[in-house]
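Let me begin by presenting the structure, written as C-alpha cells, before commenting on it.
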Amino acid sequence: MPSNTHTVMVTGASGYIAGWIVKYLLEAGHTVHATVRDPNKAKSVDHLKRIADAAPGTLKLFKADLLDAQSFDAPMQGCDILMHTASPFVLEGFTDANEALVRPAVEGTRNVLNAANRCDTLKRVVLTSSVASVYGDATDMKGKSAFTEADWNTTSSVDHNPYQYSKVAAEREAWKIHDGQEGSAESRWDLVTINPGMVYGPSLTNASNSASIGTLLDMGRGKLKTGVPALEYGMVDVREVAQAHLLGAFKPEAEGRYILVSQSVSMLDIAGILRKQFGKQYPFPMMKVPKPVVWAVGPFMGPVTRKFISRNVGYPLRFENSRSKTLGVNYRPAADTLKDHFDQVLEDGLVRRR
Ligand code: NAP
C-alpha cells in the first residue's frame, strides 16, 4: 500500500452523507471498509459499487448493526481510520423515541468505539456529530452572538427534541470512551468530531431516509405550499461535510470539534432561492405562517410540539465556522447547493418536472 493511502472504515455507508465520503475516499485511492445493515440490498449499495468500479480505491462491504456489539470487529480489522456516520436521522414515523433514536445512537457509538479499543491498528476516529450536539433550541442562543464549538446542548431530552438528544448523548459517550482509553499514547486513537448544520446538496442514493432530503422533497411536492414557519437553519453542503471528514481524518493537526455551517438561512430563504432558480411553476412556499398560527396548528401538521415552536420559531440562529475554515473547508454559496440538490431530485424523478 503506498504510504499516502489508508484503510478507512465507514459505518452507515448507505447513507446520504456517507455516500459522498466513500466516493471521495475511493477517488483518492483509499481502501474503504463500508458497513451497512444489509450488504445484499441493491438500493443501499449499488451506487457505492458503481463509484468503486470507476475509482482507483477498493471497496469492501461488511454487514454490521449498531445494536450488535460484535459486528464491528471484522470490518475494523486492518483499518487506521474509522469514520462513524451511522445513526438514525428521522424526525417522524416512530412512537418510541428512545428505541428509534437514542438507543441506536448511544449504544451504537459505544459498540463501535469499544471495537475501536480492541483494534490496535486504529489511529483516528472521525465521528459524524451535529450542531444538534451544540444547541437544542434557538432560544439557547440568548446572550450569545453565535454558537461555537465550546457550546453543548443541555436542553434536549428524550421527550423534547429526541433527535437532538440522541446526537449530544452519542457525542458525549464518544468523548467519554476516548478519554477513558487505556494503554500507551501510541496505542490510543484520537477523536475528531464533525458537527454539521442542516445538510443539503445532491444525493448519490435514493435509499436514504435522511430528514435533509425529506425537507427539499416536501418543498418541491407542494407539501409546504401554504407557507412555512419562521425557522432558521445553519446550512451546509453535503460535499463540504464529506470533505471535512477527510480533512479531519488525514490532517495530523486536526483535533476536537468542528462546526460545519456555511450560512444561516430561513425556510423562506430556501424557498426563495429555489423559486429564483427553477421558476414559479413549482409549488415552493411563498409566505411565512404567523407564529400564533404555527402554534395552533403545527402539532397537527407534522412532527413538532408547542414547546419546540415556542422556543424556535421566530428566533435567529448563528454559528461560528472559523475552525472549519482553518481545517481547510471552503464553503460554496447556498444557491449552488440548493440548485444542485433540486436538479438531482428532478433528474431522479422524485419531483415532477414542470
Ligand atoms: P441517512 O442517510 O439516514 O444515514 C444514516 C445511516 O445510518 C444509514 O445509512 C443507516 O443505514 C444507518 N443506520 C441507522 N440505524 C442503524 C443501525 N441500527 N445499525 C446500523 N446502521 C444504522 O442520514 P444522513 O443525513 O446521511 O446522516 C448521517 C449522519 O450524519 C448521522 O449521524 C446524522 O445524525 C448526521 N447528521 C446529519 C445531518 C443532515 O442534515 N443530514 C446533519 C448533521 C448530522 P441503513 O441503510 O442500514 O438503514
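Counting starts at 1 for both ligands and their atoms, in listed order.
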What part of [X], side chain, backbone, both or neither, has a heavy atom within less than 4.0 angstrom of ligand 1?
X    : value
S129 : backbone
F89  : side chain
K167 : side chain
A86  : both

Value rounded to 0.5 Å, distance of [atom1] in [X] from [atom2] in [Y]:
X    : Y    : atom1 : atom2 : answer
R257 : L191 : CZ    : CG    : 10.5 Å
E232 : M198 : CD    : CE    : 14.0 Å
I177 : N114 : CD1   : CG    : 5.0 Å
L101 : D96  : CG    : CG    : 9.5 Å
T109 : E173 : OG1   : CD    : 7.5 Å

Pair [X] + [Y]: ring centers closer than 6.0 Å:
X    : Y    : value
F319 : Y135 : yes
F308 : H160 : no
H245 : F250 : no
Y200 : F342 : no

Worksheet item: Linking I/L/V/M/F/W/Y whenever any side-chain heavy atoms sit under 4.5 Å apart, do F62 and L67 land together?
Response: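 Unlinked, F62 and L67 end up in two clusters.
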What protein heavy atom sits nearest [atom], and how far away is it?
atom                    : result
atom 15 (N) of ligand 1 : R37 NH2, 3.3 Å
atom 37 (C) of ligand 1 : I17 CD1, 3.6 Å
atom 23 (O) of ligand 1 : S210 CB, 3.5 Å
atom 43 (C) of ligand 1 : P196 O, 3.4 Å
atom 2 (O) of ligand 1  : S208 OG, 2.5 Å

Report yes if [X] has an N/O atom closer than 3.5 Å to an N/O atom of ligand 1; otherwise report no.
X   : value
L66 : yes
S14 : yes
G15 : yes
D38 : no

For [atom], which of [options] has the closest heavy atom?
atom                    : options               : result
atom 38 (C) of ligand 1 : L67, V199, I194, T205 : V199
atom 31 (C) of ligand 1 : T35, V261, T85        : T85
atom 7 (O) of ligand 1  : S166, S87, S133, A18  : S87

Which atoms of ligand 1 sit under 4.0 Å from any heavy atom of [X]?
X    : answer
G12  : 9 (O)
M198 : 40 (O)
S212 : 39 (C), 40 (O), 41 (N)
T128 : 29 (C), 30 (O), 32 (O), 35 (C)
G197 : 40 (O), 42 (C), 43 (C)

Discussion item. Run the side chain to side chain contact (heavy atoms under 4.5 Å, CB included) test on D151 and M141 for me, step by step, so that the C-alpha distance in whole Å, both residues' side-chain angles and the decisive distance to 0.1 Å come before the verdict.
Written reply: CA-CA 10 Å; D151 292 310; M141 211 175 81; over 6 Å; no
Worksheet entry | Contact with ligand 1 for Y163, non-hydrogen, under 4.0 angstrom |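 It does; at least one heavy atom falls under 4.0 Å.
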Discussion item. For D65, state whether at least one heavy atom is located under 4.0 Å from any atom of ligand 1.
Written reply: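 It does, in that a heavy atom of D65 comes within the 4.0 Å cut-off of ligand 1.
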Discussion item. Check for me whether R323 meets the cation-pi criterion with Y258, that is, NZ or CZ under 6.0 Å from the six-membered ring centre and within 45 degrees of the ring axis.
Written reply: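 Satisfied, under 6.0 Å and within 45°.
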Item to complete: Just do the side chain to side chain contact (heavy atoms under 4.5 Å, CB included) check on S262 and E240 with the steps written out, would you?
Response: CA-CA 9 Å; S262 62; E240 269 85 87; 5.8 Å; no
Discussion item. Using 30° and 60° as the class boundaries, would you call the ring planes of F278 and Y282 parallel, tilted or perpendicular?
Written reply: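 Correct class here is perpendicular.
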